[in-house]
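Heavy-atom basis, side chains included; hydrogens, waters and symmetry copies ignored.
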Amino acid sequence: MMNIQVLSLFPPMFDGVFQHSIMKKAQDKGAVSLGVVDIREFADNKRQVDDYPFGGGAGMVLKPEPVFNAVESITEGKKPRVILMCPQGERFTQKKAEELASEEELVFICGHYEGYDERIREHLVTDEISIGDFVLTGGELAAMTVIDSVVRLLPGVLGNSDSSVRDSFSTGLLEHPHYTRPANFREMAVPAVLTSGNHAKIEQWREEQGLKRTLERRPDLLDEIELSEQQKTILARLKAEK
């Protein structure tokens with residue numbers, strides 16, 4: 001079982017996310033244990049968790065004492081990955097989610113205010129993660145995003161083990177289109193190959209559609225993966241048609 005602990009100034013923000021959908025099912029199946037720690041409970045002085053920055057400047061900075069105290073209280077005798085949610089961190093990707101999904105213990109630190117005392121970065125965390133080139137009010141929403149992405153990859157969490165394997169980015173390509181019943185809706189028909197029963201042709205169609213969608217929407221991804229000879233042939237044809 002994976003154990004995930006989140007340090008936050010606003011623990012109630014996680015109640016809805018952790019108690020519904022895949023996150024709730026993952027806990028019920030014993031795949032993950034999720035907990036939220038209130039950073040304020042570990043402050044030395046009347047629950048004060050922030051202070052003015054040395055040298056002056058706008059905003060308040062999250063103090064080191066409550067964060068160090070909180071992390072040490074839940075990691076005694078353990079050496080988990082301690083992840084700082086931060087816009088300056090490594091851009092989060094599916095590959096990073098797969099990497100984190102192999103861990104047994106994860107700790108997420110969610111900050112607010114102007115930033116963190118630098119000693120938290122230098123001496124406490126193992127990873128800094130950003131979910132994009134933008135700034136949020138706090139790290140909670142970013143942590144929820146990363147945790148959801150990681151938990152759904154744990155064994156037994158998704159009903160179909162192939163679901164996560166076929167996800168966009170897991171193969172390096174964007175995922176192919178999906179269709180369901182009815183086969184014909186308002187004169188918009190499902191591609192005939194999907195109702196043909198020919199599984200070889202269906203797989204071929206899905207691969208081609210994944211390449212086509214990647215070429216149209218995220219061509220940059222094609223430079224980062226090693227394509228098979230068959231995929232190269234399909235891609236060359238798609239480019240010619242384009």
Side-chain angles (χ1 to χ4, degrees), residues 2 16-32 34 91-102 129-134 136 141-242:
M2 173 181 279
V17 174
F18 285 179
Q19 294 304 316
H20 294 280
S21 189
I22 293 298
M23 302 291 264
K24 178 67 164 58
K25 292 178 181 178
Q27 293 173 84
D28 291 343
K29 291 181 178 181
V32 66
L34 300 171
R91 177 76 70 88
F92 187 62
T93 63
Q94 185 69 13
K95 183 178 180 180
K96 189 69 173 183
E98 293 167 359
E99 175 190 327
L100 294 177
S102 67
I129 290 179
S130 166
I131 62 169
D133 294 339
F134 52 89
L136 297 170
L141 295 176
M144 292 174 194
T145 300
V146 174
I147 293 169
D148 181 276
S149 182
V150 170
V151 168
R152 66 189 303 279
L153 295 175
L154 299 179
V157 170
L158 298 181
N160 187 331
S161 59
D162 288 338
S163 294
S164 61
V165 175
R166 292 182 178 273
D167 284 341
S168 292
F169 306 111
S170 290
T171 62
L173 302 173
L174 298 185
E175 195 173 10
H176 59 77
H178 293 275
Y179 295 88
T180 188
R181 296 175 182 174
N184 194 309
F185 174 68
R186 297 182 181 178
E187 300 184 0
M188 295 179 285
V190 170
V193 64
L194 297 180
T195 58
S196 68
N198 188 323
H199 296 292
K201 288 187 176 181
I202 291 173
E203 287 304 312
Q204 182 180 354
W205 179 88
R206 286 174 171 169
E207 181 176 44
E208 181 172 326
Q209 291 299 311
L211 283 164
K212 181 180 180 181
R213 181 158 287 186
T214 305
L215 177 63
E216 292 173 344
R217 303 184 182 188
R218 289 293 304 277
D220 57 295
L221 295 176
L222 296 171
D223 297 327
E224 301 175 8
I225 61 174
E226 184 175 347
L227 298 174
S228 67
E229 290 304 316
Q230 180 178 340
Q231 288 175 322
K232 290 178 182 178
T233 300
I234 296 172
L235 188 60
R237 175 169 56 80
L238 292 171
K239 288 180 177 180
E241 292 174 354
K242 186 179 179 181

Counting N and O atoms only, with roles assigned by atom type, does the side chain of [X] sit under 3.5 Å from a partner on the main chain of [Y], one being a donor and the other an acceptor?
X    : Y    : value
S196 : V193 : yes
S149 : T145 : no
S130 : R91  : no

**Asked** Does NZ belonging to K95 count more than 12 external heavy atoms closer than 6.0 Å?
**Response**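 Counting other residues, nucleotides and ligands, NZ of K95 stays at 12 neighbours or fewer.
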**Within 6.0 Å of NE2 in H199, more than 12 heavy atoms from elsewhere** =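 Not buried by this count: 12 neighbours or fewer within 6.0 Å.
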Closest heavy-atom pair and its distance - [X], [Y]:
X    : Y    : answer
P177 : Q209 : CD-CB, 3.5 Å
N184 : A189 : ND2-CB, 4.0 Å
V157 : R152 : CG1-CA, 4.0 Å

Distance check, rounded to the nearest 0.5 Å: [X] atom [atom1] versus [Y] atom [atom2]?
X    : Y    : atom1 : atom2 : value
I202 : T195 : CD1   : OG1   : 8.0 Å
E224 : L173 : CD    : CG    : 11.0 Å
E229 : I234 : CD    : CD1   : 11.5 Å
L34  : M2   : CG    : CE    : 10.0 Å
K212 : L215 : NZ    : CG    : 9.5 Å
Q231 : I225 : CD    : CD1   : 6.5 Å

**Prompt:** Would you call K29 and L154 a side-chain contact if the rule is heavy atoms closer than 4.5 Å?
**Reply:**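 Heavy-atom side-chain distance check fails, nothing below 4.5 Å.
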**Asked** Are E99 and K96 ion-paired here, with the side-chain N under 4.0 Å from a carboxylate O?
**Response**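 Yes, charged N to carboxylate O under 4.0 Å.
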**Request:** May I have the step-by-step check of side chain to side chain contact (heavy atoms under 4.5 Å, CB included) for Q94 and L153, ending in yes or no?
**Result:** CA-CA 10 Å; Q94 185 69 13; L153 295 175; 3.7 Å; yes
**Message:** Which residues pass the salt bridge (charged side-chain N to carboxylate O under 4.0 Å, His left out) test with R237, not counting sequence neighbours?
**Reply:**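 Salt bridge (charged side-chain N to carboxylate O under 4.0 Å, His left out) list for R237, sorted by chain: E208, E241.
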**Step-by-step side chain to side chain contact (heavy atoms under 4.5 Å, CB included) determination, L100 to V146** = CA-CA 9 Å; L100 294 177; V146 174; 4.2 Å; yes
**Item:** Among R213, R206, E207, the one residue meeting side-chain contact (heavy atoms from CB on, under 4.5 Å) with H176
**Value:**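 That would be R206.
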**Request:** Report the C-alpha distance between L136 and I131 in whole Å, list the side-chain angles of each, state the deciding distance to 0.1 Å, and finish with yes or no for side chain to side chain contact (heavy atoms under 4.5 Å, CB included).
**Result:** CA-CA 10 Å; L136 297 170; I131 62 169; 4.3 Å; yes
**Request:** Apply side chain to side chain contact (heavy atoms under 4.5 Å, CB included) to the pair I147 and M23, showing each step before the final yes or no.
**Result:** CA-CA 9 Å; I147 293 169; M23 302 291 264; 3.3 Å; yes
